[in-house]
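A note on names: the letters A, B, ... follow the listed sequences, proteins ahead of strands, and every chain is numbered from 1.
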Amino acid sequence: MDSVIGNDFKIAAPEPLFAGGAIVFEGVAPLDLAATFDCGQAFRWRPRGDGCFNAVVAGDAVNARLDGDRLEIRGAPRGKAKFWAEYFALDVDYTAIHKALRADARMRACLAFSPGIRVLRQEFFETLVSFIISQNNNITRIKGIVERLCSCFGETVGEDHQGVPDRAFPTPSAIASLSPEDLAPLRAGYRVAGIIDAARRVDSGELDETALRAMPTADARRRLLEVHGVGPKIADCVLLFGLGRFESFPVDVWIRRAMVALFPEGLPCCTAGISGIAQQYIFHYARNCGTIPQSKQPRD
DNA sequence: CTCCAGGCATATT
DNA sequence: AATATGCATGGA
């Protein structure tokens with residue numbers, strides 16, 4: 001079972017081009033890199049100020065930029081073009097998704113707020129640990145803790161133009177042998193127990209990504225809930241952002257309140273495996289706008 | 001200073 | 001099953 005998404009919203013990913021040492025995908029719209037990287041699903045992408053974004057992903061220090069509807073990724077080997085197409089969900093038909101979501105006026109309001117958000121397919125272990133860190137935490141500090149985790153225990157994969165080392169997210173085995181005292185420099189508080197438990201379960205094979213991907217979402221969720229520090233919200237975030245289960249979505253008290261206020265009858269137009277994506281638009285709208293649109297919205 | 005952050009574990013009702 | 005409380009830390 002690969003990504004779970006309705007057939008209506010599957011397309012063939014564009015073929016990669018290779019130009020100037022970059023992996024290039026054309027026709028990627030809709031995609032807004034700033035909105036996508038900064039909507040609370042990823043914690044390592046940093047804007048360089050000129051429209052480029054830097055991160056270390058899958059062991060490569062990469063640079064992503066958008067030129068119209070051309071996505072350029074530098075720093076990754078050609079052989080990983082398929083990985084990057086999946087990372088940016090270029091095989092998901094966001095045009096069709098938007099069309100379906102726009103059938104509802106309230107969903108239309110959320111979508112209009114940040115139409116370039118895509119739900120990324122991020123690496124499993126990094127997503128699991130990052131969202132354990134996110135517990136009762138704010139995004140700025142989450143980013144800081146994740147950076148310190150990489151800086152302390154991640155493999156150096158190069159250095160940036162200022163000579164600062166680029167470090168990968170630590171491997172499960174690199175964390176599995178650590179004690180809470182070793183993680184004290186992270187200043188992650190009570191979350192360190194969860195970080196270590198997650199690393200040990202993954203490192204030992206008890207929690208296996210391949211197995212999780214092969215099992216139904218409900219079973220994978222049950223397995224994730226066994227990890228210390230992983231409750232319903234974080235499990236759903238990991239399913240959505242780290243295991244490509246676009247039909248799953250995080251539902252905590254807050255988002256439930258926003259959802260119910262917006263959609264007392266339940267999420268519309270979202271039954272074909274994209275409720276997680278719909279949720280991300282709702283979440284971002286409610287977080288940044290702070291207001292809940294009424295059920296009656298003006299037509300386009 | 002206070003309030004709270006993409007919650008969870010645990011105890012109590 | 002539902003609700004209440006403590007929690008490390010530091011942004012805003």
Can we say D203(A) and R200(A) salt-bridge, meaning some charged N sits less than 4.0 Å from an Asp/Glu carboxylate O? no
Provide, to the nearest angstrom, the distance between the CZ atom belonging to R191(A) and the P atom belonging to dG7(B). 9 Å
Show the numbers, then the answer: is there a salt bridge (Lys or Arg N to Asp or Glu O under 4.0 Å) between E147(A) and R44(A)? CA-CA 7 Å; E147(A) 278 315 301; R44(A) 288 208 76 192; 3.1 Å; yes
On a whole-Å scale, what distance lies between the P atoms belonging to dA12(C) and dG7(B)? 16 Å
Would V227(A) end up clustered with L183(A) when hydrophobic side chains under 4.5 Å apart are linked, directly or stepwise? yes
Distance, C1' atom - from dA5(B) to dC7(C), rounded to whole angstrom: 13 Å
Within residues 123-135 of chain A, those residues having any heavy atom closer than 4.0 Å to DNA chain B are S134(A), Q135(A)
Just the table, please: protein N/O against nucleotides 9-11 of chain B N/O, every pair under 3.5 Å.
residue : atom : partner : partner atom : Å
dA9(B)  : OP1  : G229(A) : N            : 2.9

Report the distance from atom CG of L240(A) to atom C1' of dG6(B), rounded to the nearest whole Å. 12 Å
Would you call Y285(A) and S114(A) a side-chain contact if the rule is heavy atoms closer than 4.5 Å? no
Straight-line distance of L120(A) CG to W45(A) CH2, nearest 0.5 Å: 8.5 Å
Are the ring centres of F43(A) and F131(A) closer than 6.0 Å? yes
Suppose you measure atom P in dC1(B) against the same atom in dG11(C); what distance do you get, rounded to whole Å? 16 Å
Between dG10(C) and dA9(B), how far is it from one P atom to the other, in whole Å? 22 Å
Evaluate K82(A) against E86(A) for salt bridge (Lys or Arg N to Asp or Glu O under 4.0 Å), listing each step before the verdict. CA-CA 6 Å; K82(A) 183 177 171 61; E86(A) 291 179 0; 3.6 Å; yes
Contact residues, residues 136-152 of chain A to DNA chain C [heavy atom, < 4.0 Å]: N136(A), N138(A), T140(A), R141(A)
All pairs passing side chain to side chain donor-acceptor pair (under 3.5 Å) where residues 148-165 of chain A contributes a residue, at least two apart: T156(A)-R167(A)
For the residue pair N137(A) / S134(A), report whether a side-chain donor-acceptor contact shorter than 3.5 Å exists. no
Is the centre of the Y190(A) ring less than 6.0 Å from the centre of the H228(A) ring? no
Can you check the distance between dC4(B) and dT5(C), where both ends of the measurement are the C1' atom (answer in whole Å)? 16 Å
Under a 4.0 Å heavy-atom criterion, DNA chain C is touched by chain A from dC7(C) to dA12(C)
Could you report the tightest heavy-atom contact between P30(A) and T95(A), atom names first, then the distance? CD-OG1, 3.9 Å
Hydrophobic cluster identity match, L149(A) and V202(A), side-chain contacts under 4.5 Å: yes
For S177(A), all residues meeting side chain to side chain contact (heavy atoms under 4.5 Å, CB included), sequence neighbours excluded: none
